[in-house]
Amino acid sequence: MRILLFSNLYLPEPTGIGPYSGGLASELVRRGHEVIVIAANPSYPFWKLFDGFNAWRWSRRSEDGVQVHRVPVYIPTKVGGAKRILHYGGYAAAAAPIALTLAFRFRPDVVIAVVPTLMVAPLALLTAKVAGAASLLHVQDFEVEAGFATGQMNGSGKAARAAFAFERRCIGAFDQTSSISPEMCAKLIEKGRDPATVHELRNWAEIDAVTPRSTQSSIYRELWNITTPHVALYSGSIAKKQGIETIVEVALALKDRTDITFILCGNGPTRADLEASAAGLSNIQFRDLQPKEELGELLALATVHLLPQKRDAADLVLPSKLTNMLASGKPVVAGADFGCGLAREVEGCGLAVEPENTAAMAMGIERLLDDPVLYAASAAEARRRAEQRWARDAIIDRFEAMLTGMAETRARKFT
């Protein structure tokens, strides 16, 4: 099977969507399929061009058996709604000549567009039509609603109506759609998809590389001079939709507890502001994202994992970082209202507390740390849940089966 994958975000980007698009592509190649990827020159989550790439050049290279075409994009130094649109729009425009050439030369059986960005959807649909290929829209993030929910875009007026209309048309035009949680799949149906054409295809946990270990065993304790028995850890992108300012407020609220160190390990456009707001607090450290090879060591450092979230973004994204948090066998304290998708994912594996509520998150952390029975039960369930719901091979098996079915259905239409 020949597969063309549009994914603005891609390895070697260490967090977010990139590792999943990269992992899917390389595993499909390992299983005998031909995969070509069109990706932007990497910059996430630092919003800075990675070393080894030229900001204004197209390039092609083999990465783990996958032919990856890189295209130049505008990379804003400060990320806002308009600049993000320029970044995404630039990716779609720069990808167009490569995509249409591949439509004739590679003639894919299936074309996949990963969202974000939805702005590449028209190009993916055109490429599929020219090639006679089946088309799949895989939604990692409802970027239009998330942009409005987090205040990055104005949610009223003609521009908002146009954005939602564009989203609806794009979602309705693909042969099949998929997303990473039950709630996000329901959102696709709400936006007009036939339920028979909506598939749940989760991101996965690295359950072999990330295993339950004592927080005392992590190499980062000595490296970062952590002497407290407990660590409350957040690791991932630091941006507006995460609501990470709550963690700084929690560290302030719990500053009199001498047994907890808060670690914010990540990079992103709002980190400098967060560091400034934490000035003078001795119980919090900011650290850069760590190499993928050290993921197990980093997550072992946690006594509890922190997963804040903006209230209005609850069912528009399912944070990919949750998968490996659970795999580490440590409880999670998540900002998630009762009944929402994230709260259901965390249930039994930790505590879901009111989002953007400093006191609620602080109480959740203290409850887990001060109740060894609850802590032990939550930790055990976290690992069990990761193995049950987030196993990599089983998820990619389903992905492969769906793509094969799409290709076979399209082939029958043309015979």
Side-chain angles (χ1 to χ4, degrees), residues 11 13-24 26-27 45 140 180-182 184 200-221 230-237 242 263-266 287 289-309 317-336 341-352 364-365 368-369 374-399:
L11 290 172
E13 292 171 332
T15 64
I17 294 164
Y20 294 102
S21 289
L24 174 66
S26 60
E27 178 60 19
Q140 291 270 7
I180 58 175
S181 74
M184 293 174 72
E200 183 184 336
L201 295 167
R202 290 173 173 255
N203 292 331
W204 55 82
E206 298 292 347
I207 57 177
D208 293 328
V210 180
T211 56
R213 289 171 45 193
S214 164
T215 182
Q216 304 299 325
S217 69
S218 173
I219 61 173
Y220 287 102
R221 277 196 161 271
H230 300 306
V231 172
L233 173 68
Y234 171 87
S235 177
S237 175
Q242 278 81 17
I263 302 288
L264 274 74
C265 184
R287 299 291 178 177
L289 284 171
Q290 298 303 297
K292 180 183 178 182
E293 295 75 19
E294 301 299 337
L295 180 62
E297 285 288 344
L298 176 64
L299 297 183
L301 177 64
T303 311
V304 294
H305 294 290
L306 303 182
L307 189 54
Q309 185 135 310
V317 297
L318 178 63
S320 58
K321 60 184 72 68
L322 174 64
T323 62
N324 289 318
M325 290 178 176
L326 298 179
S328 74
K330 305 293 178 62
V332 178
V333 179
L342 179 55
R344 283 192 286 270
E345 297 290 350
V346 170
E347 185 178 3
C349 305
L351 297 173
I365 294 168
L368 282 169
L369 296 185
L374 175 64
Y375 183 92
S378 300
E381 178 60 17
R383 178 64 185 188
R384 190 196 70 79
R385 186 81 51 85
E387 293 173 342
Q388 180 187 62
R389 294 186 185 177
W390 311 85
R392 183 177 187 271
D393 287 349
I395 291 169
I396 296 181
D397 285 346
R398 292 194 293 274
F399 224 126

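Since the structure is predicted, the reported quantities are computational estimates derived from the model, not experimental observations.
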Return the CZ to OG distance between Arg202 and Ser320, rounded to the nearest 0.5 Å.
13.0 Å

Please walk me through it: do Ile396 and Trp204 pass side chain to side chain contact (heavy atoms under 4.5 Å, CB included)?
CA-CA 9 Å; Ile396 296 181; Trp204 55 82; 4.0 Å; yes

Please assess Leu295 against Val210 for the test side chain to side chain contact (heavy atoms under 4.5 Å, CB included), listing each intermediate value before the final yes or no.
CA-CA 7 Å; Leu295 180 62; Val210 180; 3.8 Å; yes

Under a 4.5 Å cut-off applied to non-hydrogen side-chain atoms, are Glu294 and Ile219 in contact?
yes

Are the side chains of Lys321 and Thr15 in contact, using a 4.5 Å heavy-atom criterion?
no

Quick one: which of Leu299, Val231, Val333, Leu322 gives a side-chain contact (heavy atoms from CB on, under 4.5 Å) with His305?
Leu299

Backbone N/O of Ala302 and side chain of Lys330: donor-acceptor pair under 3.5 Å
yes

Let me see the working for His230 and Val304 under side chain to side chain contact (heavy atoms under 4.5 Å, CB included), right down to the final yes or no.
CA-CA 8 Å; His230 300 306; Val304 294; over 6 Å; no

Quick one: are Arg389 and Glu345 in side-chain contact, heavy atoms under 4.5 Å?
yes

Decide yes or no for Thr323 and Tyr20: does some side-chain heavy atom of the first lie under 4.5 Å from some side-chain heavy atom of the second?
yes

Please check this pair: side chain of Arg213 against backbone of Ser217, looking for a donor-acceptor N/O pair closer than 3.5 Å.
yes

Given side chains that start at C-beta, do those of Ile207 and Asn324 come closer than 4.5 Å, heavy atoms only?
no

Can you measure from OG (Ser181) to CG (Leu201) and round to the nearest 0.5 angstrom?
11.5 Å

Go through Gln140 and Asn203 one step at a time and tell me if the side chain to side chain contact (heavy atoms under 4.5 Å, CB included) criterion holds.
CA-CA 9 Å; Gln140 291 270 7; Asn203 292 331; 2.9 Å; yes

All heavy atoms of Gly329 vs all of Pro212, minimum pair found to be CA-CG, 4.2 Å

Tell me, which pairs form a salt bridge (Lys or Arg N to Asp or Glu O under 4.0 Å) where one or both residues lie in residues 374-385, sequence neighbours left out?
Glu381-Arg384, Glu381-Arg385, Arg383-Glu387

Minimum heavy-atom separation for Gly350 to Pro331, with atom names?
CA-CB, 4.2 Å

How many angstroms lie between CH2 in Trp390 and CD in Glu206, if you round to the nearest 0.5 Å?
13.0 Å

Give the minimum heavy-atom separation between Tyr375 and Thr303, together with the two atoms involved.
OH-O, 2.6 Å

Distance alone, cut at 3.5 Å: any donor-acceptor contact between the side chains of Tyr220 and Thr215?
no

Using 0.5 Å steps for rounding, measure from the CG atom of Leu298 to the CD atom of Glu293.
12.5 Å

Which heavy atom in Gly364 sits nearest to a heavy atom in Leu351, and how many Å separate them?
O-CD1, 3.5 Å

Taking the side chain as every heavy atom from C-beta outward, state whether Pro319 and Gln309 have any pair of such atoms under 4.5 Å apart.
yes

Minimal heavy-atom distance between Val332 and Val346, with the atoms involved, is O-CG1, 4.0 Å

Dump the intermediate steps for salt bridge (Lys or Arg N to Asp or Glu O under 4.0 Å) on Glu200 and Arg398, then the final yes or no.
CA-CA 9 Å; Glu200 183 184 336; Arg398 292 194 293 274; over 6 Å; no

Between Cys265 and Gln290 the two heavy atoms that sit nearest each other are SG-CG, 4.0 Å

Determine whether a donor-acceptor pair (N or O, by modelled atom type, separation under 3.5 Å) exists between the side chain of Ser218 and the backbone of Glu297.
yes

Note, Pro19 side chain near Leu11 side chain (heavy atom, < 4.5 Å):
yes

Side chain to side chain, Leu368 and Leu374, heavy atoms closer than 4.5 Å:
yes

To the nearest 0.5 Å, what is the distance between OG on Ser235 and CG on Leu264?
9.5 Å

Taking CD in Glu347 as the centre, count heavy atoms belonging to other residues, nucleotides or ligands within less than 6.0 Å. Is the count above 12?
no

